[in-house]
Amino acid sequence: MPTAGGSAGAVENLLPLALSRPHDAIASARSLLAGAPPAVEASIAHQAWGIGLRQLGDVTTAVRQLRTALRLAERSGRSEREADVLATLGATLGRAGRSREGLARLDRAVDLSRGALTGRVLLRRADVLLVLGRHREALDDLRSAITRLRRSGDQVWEARSRNYRGFIQLALGGTKRADADFAVAEKLYAATGQEFEYAEARQNRGLVAYARGDLPTALRCLDEAGRRFAAVGVVWPDLAIDRCGVLLAAGLSTEALAEMDQAVAAEGGTATKRGELLFAAATAALAAGDPAAARERAERARRLFSAQRREWWSVRSSMVLLEARYQSGERGERLLRRVSAVAGRLDALGASEASAAHLLAGRLALDVGRARAADRQLELAGRHSKDAPPIARSAAWLGKALRADARGDVRGMLSACGRGLDALDEHRLAMGATELRALATGHGAELAELALRDALRRDDPRRLLSWGERWRATALGVPPVRPPDDEQLAGELAALRDVVRRLDASPDPSLEKERRRLEKTVRDRALRAAAGPGGGTAGAWRFDVDELVEALGETVLVELVGVGGVLYAVVVRDGRITKHEVGPLAAAALEIERSRFRLRRLAHARPHTPSGHLGPSLDVLGARLGDAILGSAQDLLGDRPVVMVPPGRLQALPWGLVPELVDRPVNVVPSAAVWLRARRVRPPADRRVVLVLGPGLSAGRAEVMQLAKQYPDATVLADGDATAEKVLRALDGAWIAHIAAHGTFRADSPLFSSLRLDDGPLTVYDFERLRRAPYRMVLSSCDSGLAKPVGADELLGLSSSLIPLGAAGILASVVPVNDPATAPLMLATHENLQAGQSLAAAFAAARVGTRGDPVADAAGRSFVALGA
């Protein structure tokens, strides 16, 4: 939100300085007052002191300074001086939550002022009206203020008035008009040296980008504003509030909540800001799935706003409280009445949350069987403007979809689902970061599930497959926007590698702190990458069932779809598509964990340990796993090659355990669309092979040296040469790459999952710097195939990052493996590759040689072939 303050004074430019550099203004004011100046100059000095204190958050002391300034102004007998101080005092009282007294002071100031001074007073009255949520009245004051100030040539105050008007236009949905005002304000602030207010204008340009759905640009603008605020020594709470909104839109709810709680704890005595910070923290807690925290923060905010008579804010806080009650499981007529009433008040106030309130009221009405009430509420929820940001449009389409579904209008429901997901495609593809694209899909989960439920009701497996693909693994469809020659990013990643390498050698708290700082820097840089002019068209390709059927040929595809906690298998074989209900998703997840646990035990078992001491045999576990994951779909596999498409939450599945899959080529992909894209990838012409050995792998050395004999022309990087930059240069566009290195999967931050090289970890962020991933890649390290499910049905991890970069096939493990037992398996796989077999077929044939050795067999079953 913008700020309002004192006029351009004649005493050492103190009043403009107070808003530009508050610390300097306070020091100058104190120095001036030490000389016992006349009443007019003393009034200006106390006014500048008060404005500076207000900018720094000490509103209580600021009010005392401004009251002193007012007494001195009255003593001077100059009405324009009295009007100016009254206006500053009134604006400050309004910010302190004493809006009635503040408006009375401002009304008196308007009566006392003339000409350009009236424009400055009207601006400050608009500030208080804005705090109260009385946007239309504030807009009227600002239109008059801008006209007066432009005529008088007062650039600073014209800039302030435009900044305010832009903020109100933005609140009312006028992004183009808002951006035009902010752009003019920015130029005027720059021309007049108003550093603080220039930072505020950059902050507001970020808000416009956010309103348009351009989150990377919004984050960059807010970052720049933060640096400029820091340069003038100001901690600006509005910046934290705005960042919270952008982070929530990006799906980063945990980060938003942490940032807001920190801002609430740091906020001093500004009652208006404390309420707004608590409100933002409540919305973040709600998005993070913590309704108890949301209720506590929203109730505190509501009490503050009610005491300050700020209806617009109070009603919005009440809505967060009601949403938290719904999220906690509360339902019924009483909650429906409360939500409906609040939705009506939000409509009357023009609040953007009105649509979400009507959507919640519609859900509640459906729950209690109030069909007419639900229809009306969902109709209101479905309203949106053409200029609304994509997320708002998708939410409106969700309202339309739910309304059509309740009416039995299947065609209307499916159309609304498609339009809503199209809007989210626009939102997703505006972002360059893989993480943001993946998280963004969470907004469309309910739209996709509505369509999937319809396909199940119709018993239509073709529709189930089509809609299952519509919102699955979309973040892997296009590569991230990370320029390969970004020297700053390369430097930050190199510094991170050095710190981690030193930490591995000797734990040190200061190094650990530096590691966290560097990881945050790298991640923040990635999140701010914009998709650029081509981003909106990069995802225009649509999944085609007929194309899939033709491409499969003799191969069988099994796509697993979870709907309402139940797992279904869609099987495509010989052009025929069938649906099979498998069972509870929870039961499948449990069998996966049991299987993974057993394989981990076998990987670390002592030689000659009796298999009976390790629990059920792998065959028994595999049969249970097959029944829980595939059910009757297993009967249709025959002896064909298979493509498995599991949902994200089941991706860590050791497919080699399932008896029906153990002796055949199995490609695992996050979506059928990804498999089709992988099949189109053509191998490079030069057939270049790269072999990499990371440190600390005795078995890996023998493995890589043997492979070097199989590939006499290969590039071998080992013994100090396996550094990140050398490895990346060698990998770029290679035909086959084999990396034997310790792998680490980071569930807390999956894009920092890594392979350990001689100079430190090679992370996903490093891999994303490749222009083209190797055509085929073998990762003979632990957990290299793991990824974290995020968003609706997306994956973030080491191997998944290579798919959008052009890798056709990747061999990686989903559980820890025994390194010595893995080496023969890898050598056999490469022999088969050289004989012309596909990666999945080469691996399946190599696995046959592990029979009879429990540890080697476990290693063979722990790898999966990803891609085509």
Side-chain angles (χ1 to χ4, degrees), residues 359 362-363 366 374-375 378-379 381-382 384 390-429 438 440-475 477 539-549 557-572 577-582 585 645-650 670-674 676 789 791-794:
L359 185 62
R363 293 183 197 279
L366 288 174
D375 188 75
L378 293 172
E379 180 185 21
H384 70 277
I391 292 181
R393 296 204 307 273
S394 74
W397 284 113
L398 175 58
K400 292 177 185 290
L402 289 170
R403 184 179 184 226
D405 188 50
R407 289 181 158 201
D409 177 7
V410 175
R411 179 177 296 181
M413 183 270 289
L414 293 176
S415 173
C417 288
R419 297 286 295 275
L421 293 177
D422 287 344
L424 287 172
D425 273 332
E426 179 187 337
H427 168 66
R428 176 176 57 83
L429 292 169
T441 62
H443 296 290
E446 189 171 1
L447 286 164
E449 177 132 336
L450 275 171
L452 288 170
R453 288 182 184 276
D454 171 68
L456 287 173
R457 283 196 298 265
R458 293 167 178 247
D459 195 23
D460 188 333
R462 187 183 181 93
R463 285 179 182 267
L464 190 62
L465 176 62
S466 296
W467 280 103
E469 283 289 308
R470 178 63 182 85
W471 207 236
R472 178 184 288 225
T474 57
W541 182 82
R542 286 281 190 255
F543 172 71
D544 186 323
V545 175
D546 292 330
E547 181 186 356
L548 173 68
V549 168
L557 179 136
V558 182
E559 179 149 330
L560 302 176
V561 182
V563 184
V566 178
L567 187 64
Y568 298 86
V570 179
V571 180
V572 185
I577 305 173
T578 56
K579 179 207 75 178
H580 307 260
E581 182 173 335
V582 179
L585 261 169
V645 188
R649 63 177 292 188
L650 303 182
S671 73
V674 166
L676 283 171
D793 202 354
E794 304 291 321

| said: So, using side-chain hydrogen bond (donor to acceptor under 3.5 Å, both in side chains) as the criterion, who are the partners of E581 when residues are at least two apart? | reply: none
| field | Minimum heavy-atom distance between G468 and L452, given as atom pair plus value | value | N-CD2, 3.5 Å
| said: Just so I know, are the side chains of L567 and L650 near enough to count as touching, which here means a heavy-atom distance under 4.5 Å? | reply: yes
| query | Is a side-chain N or O of R458 found less than 3.5 angstrom from the main chain of R463, in a donor-acceptor match? | reply | no
| query | With a 4.5 Å heavy-atom cut-off, do D405 and R453 have their side chains touching? | reply | no
| query | Pick one: which of L585, L560, V563 meets side-chain contact (heavy atoms from CB on, under 4.5 Å) with Y568? | reply | V563
| Worked verdict on L359 versus L402 for side-chain contact (heavy atoms from CB on, under 4.5 Å) | CA-CA 9 Å; L359 185 62; L402 289 170; 3.7 Å; yes
| By side chain to side chain contact (heavy atoms under 4.5 Å, CB included), which residues pair with V549, not counting sequence neighbours? | V545, V572
| Residues in side-chain hydrogen bond (donor to acceptor under 3.5 Å, both in side chains) contact with R649, at least two apart in sequence or another chain | none
| request: Using the test side chain to side chain contact (heavy atoms under 4.5 Å, CB included), find all partners of D546 that sit at least two apart in sequence or belong to another chain. | output: R462, D544
| For W397, which residues count as a ring-ring contact (aromatic ring centres under 6.0 Å, His included) partner, sequence neighbours excluded? | H384
| Nearest heavy-atom neighbours spanning S394 and L447 | O-CD1, 4.1 Å
| remark: CG of L414 to CG of D454, rounded to nearest 0.5 Å, is 4.5 Å
| request: Can you see which heavy atom on G444 is nearest to which on L421, and at what distance? | output: O-CD2, 3.7 Å
| With A448 via side chain to side chain contact (heavy atoms under 4.5 Å, CB included) - residues at least two apart | W471
| Heavy-atom closest contact (I577 atom, V570 atom, distance) | CG2-CG1, 3.6 Å
| task | Would you name the heavy atoms of M413 and A404 that are closest together and state the gap between them? | result | N-CB, 3.4 Å
| field | Contact check, side chains of E559 and L464, non-hydrogen atoms, under 4.5 Å | value | no
| said: Within the structure provided, determine whether F543 and L676 are in side-chain contact (heavy-atom separation under 4.5 Å). | reply: yes
| said: Going by the rule side-chain hydrogen bond (donor to acceptor under 3.5 Å, both in side chains), which residues pair with T578 if we only count those two or more places apart in sequence or in a different chain? | reply: H580
| field | Partner set under salt bridge (Lys or Arg N to Asp or Glu O under 4.0 Å) for E469, not counting sequence neighbours | value | none
| message | Taking salt bridge (charged side-chain N to carboxylate O under 4.0 Å, His left out) as the cut-off, I'd like each qualifying pair that reaches into residues 406-419, sequence neighbours left out, listed once. | response | D375-R407
| query | Where do L450 and A401 come nearest, in terms of heavy atoms and distance? | reply | CD1-CB, 3.8 Å
| query | For L366, which residues count as a side chain to side chain contact (heavy atoms under 4.5 Å, CB included) partner, sequence neighbours excluded? | reply | A374, L378, A406
| NZ on K400 to CG on L398, rounded to 0.5 Å | 11.5 Å
